[in-house]
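Proteins get letters first, then strands, A, B, ... in listed order; numbering begins at 1 in each.
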Protein chains: 4
Amino acid sequence: MAIKKTSKEEILLEAIKLFKTKGYYNTSMADIGKACGLIKGSIYHHFKNKEEIGLEALKYIDEFFEKNIFIIKDENITTKEKLEKIVTKTDEYFLKSEGGCLLGNLASEVSRQNSEFKTIITLYFKKWQDSIYQILNEKLDKDKANFFSYEYICALQGAIIMMNLTDNTSSYLEIGKKLKEKV
Amino acid sequence: MAIKKTSKEEILLEAIKLFKTKGYYNTSMADIGKACGLIKGSIYHHFKNKEEIGLEALKYIDEFFEKNIFIIKDENITTKEKLEKIVTKTDEYFLKSEGGCLLGNLASEVSRQNSEFKTIITLYFKKWQDSIYQILNEKLDKDKANFFSYEYICALQGAIIMMNLTDNTSSYLEIGKKLKEKV
Amino acid sequence: MAIKKTSKEEILLEAIKLFKTKGYYNTSMADIGKACGLIKGSIYHHFKNKEEIGLEALKYIDEFFEKNIFIIKDENITTKEKLEKIVTKTDEYFLKSEGGCLLGNLASEVSRQNSEFKTIITLYFKKWQDSIYQILNEKLDKDKANFFSYEYICALQGAIIMMNLTDNTSSYLEIGKKLKEKV
Amino acid sequence: MAIKKTSKEEILLEAIKLFKTKGYYNTSMADIGKACGLIKGSIYHHFKNKEEIGLEALKYIDEFFEKNIFIIKDENITTKEKLEKIVTKTDEYFLKSEGGCLLGNLASEVSRQNSEFKTIITLYFKKWQDSIYQILNEKLDKDKANFFSYEYICALQGAIIMMNLTDNTSSYLEIGKKLKEKV
DNA sequence: GATGAATGAGCGTTCATTCAT
DNA sequence: TATGAATGAACGCTCATTCAT
């Protein structure tokens, strides 16, 4: 053998799945390899080391949100429509995302161990909250917009944790519904 | 000769600190030992294995909440006072708890790997939410009490994550403040 | 199992043998372990890492020379006797030392890769030459003593290399004989 | 497409440099590749395997000495001139050769691991000594010629080791000077 | 109860080598 | 000829665990 042409993205997607469901440290290079049909050593053809996979995994999800979720605040639609859309897209994502929110999950596990990881995660949540803030601020004053956006991000992260424990999706969905009622 | 008499509780407290700040899998028996002034092998005189430490760590915190936080719902004081007290005690705990909420942190890392861990964590959150629910239900209808309690637990977990990333405690405190306004 | 009580010195002696005959980099922790009847992981109970074994191996030989060879210059015997004794002891050592001179062998392999190794090796040769120098200087002028001692150390190192290639011990012994004729 | 046309000799020259300064086992195919602007796999178009590179590296230096140094003994000049020339050429070579003498360096590292390597190295020193021997034998008796040539080769190898440790070139040069005084 | 020495398995990583392109 | 992707074995090292002392 020795033919396969595994792409970086394939590896990244498998790694993301594993990091979310098993945690970063509990996921071995062998695990990632196996999920891609490779032996662990072969991964080093695509990534310098495990840390790089972790970093690129975080960036991959961050970019996905940037391009699909956070961007909604700038679309040329009404405030209500923006809120409707951002909540729908977000819920769509997390309902089918096995294992919850990568950046939320890794936040507690790795951010004290690796400052580069921490920076990406912190910024991700900041950008996320800011997206909601800007939409709310179209109709609500600064303080309200600020608190509601913070509350939403927090509650959603908590709700994802709960959903992973109980498989109760309808409770999870209440968080988004509540946000939409703010304007 | 002489020496230490290290108690199970001492070890547990060090393990809890480590699990919260480094994660469960990234904390080694040697780490726990060093934190207690023991070598790793000595820990096995107190605990069967690492899993047992994890389990007892979760139970330890669970019991702490049971005895100090959840119990407030049954005290002989007004609803407002209960809410005031439960929020204050909770915030007090998390503001000085380095590394956030043990059960919240471990939820994503271990609950898919170990069903016993998952059961404890799930129950903990259920009991917690139920405590809040019962207090709110003294003044609010079932649905409202249910949602507000759920929202609070979720938002608080999210807020702990954010506080660990940004060290912003005043935002964290808003979550409890908001709950108290419910009645 | 799990009983053995291997001492640091045992491990060191096996490592020295291996480093001399196989080279430092080509000797694996597994090699060292096998030579001691241990698995490779067990060696870390005695040494922090491979570098520490290398370092202590060099120091071990250095100390042996310090205590048995270099010290002869200070003994209360005649110059001729000193020279006789230092040559005899040196030749005794190298004739039975399988694989040549540890510090000479590692000089070219590791001294560019690790400055701590280099320092020890450099000092060893300096001390060695100085021992010979001081003995010769009792009867010869500075310049002669200096050159003859340098020439002896160099020739001896070269002769050890040749002896390892050809097993010709009598040529090797000529180098010491020649030195003794200097006074 | 297009590209390089890397020659065997180019690769060999880089490999020699690396073997001398890092050792044979500590030099990886990737190291050699990088030094040539190739990836490691590409080297296999030029050499069967690492051992072949090692072997040809030794032969390359051996041939250089054969053609430039050892041959001097057969030139049509006086004994004194031969000695002068062979020492000058040798010193020229080693003063600019970063990392010392390839065959001397590898002698201890590889000659016990690979008999083909050992044969080449042993023969190289034999031929070298013989060159000096024949020149000296024009003026000196067999025994003297034999010992002085042996002593010179040995001392020179030792002096190269010392020069690599201390960067002291003037001591090194004394060895050749001394040889020239023999006739 | 604590230690130090040991183990076997596994870690992340690098090795020399192969081969379709 | 060169490359990039792959492999299996080995690397140095750490893991959780055991046990005689």
Minimum-distance nucleotide to A:Lys40 side chain [options: E:dA6, F:dT17, E:dC11]:
E:dC11
Side chain to side chain donor-acceptor pair (under 3.5 Å) assessment of A:Glu9 paired with A:Tyr60:
CA-CA 9 Å; A:Glu9 196 176 4; A:Tyr60 186 93; 2.6 Å; yes
Select base, sugar-phosphate, or nothing to describe what C:Thr27 touches, counting heavy atoms under 4.0 Å on all strands.
sugar-phosphate
Should D:Glu109 and C:Tyr24 be marked as a side chain to side chain donor-acceptor pair (under 3.5 Å) after you check the CA-CA gap, both sets of side-chain angles, and the distance that decides it?
CA-CA 8 Å; D:Glu109 196 191 351; C:Tyr24 177 74; over 6 Å; no
Send over the distance from A:Ile32 CD1 to E:dG10 P, rounded to a whole Å.
17 Å
Pick the nucleotide of DNA chain F nearest each of A:Gly41 and B:Tyr44; which residue has the one closer to the 5' end?
A:Gly41
Measure from CD on B:Glu10 to C1' on E:dA2 and round the result to the nearest Å.
14 Å
Residue C:Ser28, side-chain atoms from C-beta onward, closest of E:dT17, F:dG12, E:dC15:
F:dG12
Rounding to an integer number of Å, can you tell me how far C:Lys48 NZ sits from E:dA5 C1'?
20 Å
Whole angstroms only, please: what is the NZ-C1' distance between D:Lys50 and E:dT18?
18 Å
From CD1 of B:Ile39 across to C1' of F:dT18 the rounded distance in Å is 12 Å
Atom pair distance, as rounded to whole Å: NZ in C:Lys34 and P in F:dG12
13 Å
Nearest-Å distance, NE2 (A:His45) to P (E:dT18)?
17 Å
Output yes when B:Glu14 and B:Lys17 qualify as a salt bridge under the 4.0 Å nitrogen-oxygen rule, no when they do not.
yes
Starting at CE of D:Met29 and ending at P of F:dG4, how long is that distance when rounded to a whole Å?
17 Å
Under 4.0 Å: is that the gap between some side-chain N or O of A:His46 and OP1 or OP2 of F:dG4?
no
Determine yes or no for a side-chain-to-main-chain donor-acceptor pair under 3.5 angstrom, with D:Asp31 supplying the side chain and D:Ser28 the backbone.
yes
Just to be sure I understand the rule, does A:Ser42 reach a base, reach only the sugar-phosphate, or reach nothing, if contact means heavy atoms closer than 4.0 Å?
base
Indicate yes or no for a side-chain donor-acceptor contact from D:Asp62 to the backbone of D:Ile121 under 3.5 Å, with no hydrogens or angles considered.
no
A:Asn49 vs D:Tyr25, nearer the 5' end of DNA chain E by closest nucleotide
A:Asn49
Could you check which of E:dT7, F:dA6, F:dT17 has an atom nearest any side-chain atom of A:Leu38?
F:dA6
Which one is paired to E:dA20, where only Watson-Crick or G-U wobble pairs with both distances under 3.5 angstrom count?
F:dT3
